[in-house]
Amino acid sequence: MKLLDAISFFLFLIFISINSSAQSKAEHEINISIPEVALIALQSEGEDVINFMATAPDIAGQELQLQKSEQPGIWINYTSLVRANHKRKITATVQGEIPPGFEIVLKTSEGKGSGKGQLGSPLDEVTLSNIPVDVITGIGTCYTGQGTKNGHLLNYSLELINGGDLYNKIYQTESTLQIIYTLTDDN
């Protein structure tokens with residue numbers, strides 16, 4: 001009887017091994033599509049208007065004085081999804097006429113907040129004009145986080161242009177300018 005049990009057990013093992021080697025297979029495709037993304041926004045902690053004022057001197061013979069502006073915290077936020085080995089940059093352009101004898105200087109902070117990825121590197125200080133100038137370069141696939149305290153803080157200053165005959169070009173005026181930021185490919 002033990003021999004019969006051993007033979008039955010052996011035949012059972014052969015049957016299982018034959019059944020397990022007769023496998024079937026099924027498959028299907030998975031398509032993955034990741035879009036290219038380039039989004040930019042400005043977020044303000046208060047009003048999004050910056051006011052610069054010059055004050056007349058109190059004493060004859062003194063030069064015009066520029067008041068330092070209390071600036072609202074204006075933050076630049078962006079989301080970027082790039083193709084392999086590509087980068088983006090942000091440029092700034094002044095729309096409108098900067099009064100003669102003055103320049104607008106922009107200082108952009110390092111990236112802060114809850115963002116992730118390859119945030120761009122700000123240029124230390126740039127003088128803005130009607131020609132686009134790089135403000136942040138080397139942007140890869142990333143996001144800065146949304147709202148204030150995320151992204152890069154923008155700090156503007158109005159300065160008298162030093163040197164030459166430019167002081168005599170200053171005249172009484174009021175100007176309203178727009179600063180336009182563009183997120184673009186940098187390859």
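In what follows, residues are counted from 1 in the order of the sequence shown.
- By the neighbour-count criterion of 12 heavy atoms within 6.0 Å, atom CD of E47 is sparsely surrounded, having that number or fewer from other residues, nucleotides or ligands.
- Around the CD atom of E36, the shell of radius 6.0 Å holds more than 12 heavy atoms that belong to other residues, nucleotides or ligands.
- A donor-acceptor contact shorter than 3.5 Å links the side chain of R88 to the backbone of L81.
- Taking CG from L119 and NE2 from H152, the interatomic distance works out to 5.5 Å, rounded to the nearest 0.5 Å.
- By the 4.5 Å heavy-atom criterion applied to side chains, K112 and W75 are counted as neighbours.
- Checking side-chain atoms of T144 against main-chain N and O of Y78 turns up a donor-acceptor pair under 3.5 Å.
- In this structure, I90 and I139 have side chains that are in contact, with non-hydrogen atoms separated by less than 4.5 Å.
- For the 3.5 Å distance criterion, the side chains of T91 and D134 fail to qualify, holding no donor opposite an acceptor.
- A 4.5 Å side-chain heavy-atom check between I179 and T93 finds every atom pair outside the cut-off.
- Under a hydrophobic clustering in which Ile, Leu, Val, Met, Phe, Trp and Tyr are joined whenever their side-chain heavy atoms come within less than 4.5 Å, directly or via other members, L42 and I136 fall into the same cluster.
- Here the CD-CD1 distance, from E159 to I161, works out to 9.5 Å after rounding to the nearest 0.5 Å.
- Residues Q71 and N155 have side chains in contact (heavy-atom distance under 4.5 Å, counting atoms from C-beta outward).
- A donor-acceptor pair shorter than 3.5 Å cannot be found between the side chains of K149 and Q43.
- T127 has its side chain out of reach of I104: every pair of non-hydrogen atoms, C-beta onward, lies at least 4.5 Å apart.
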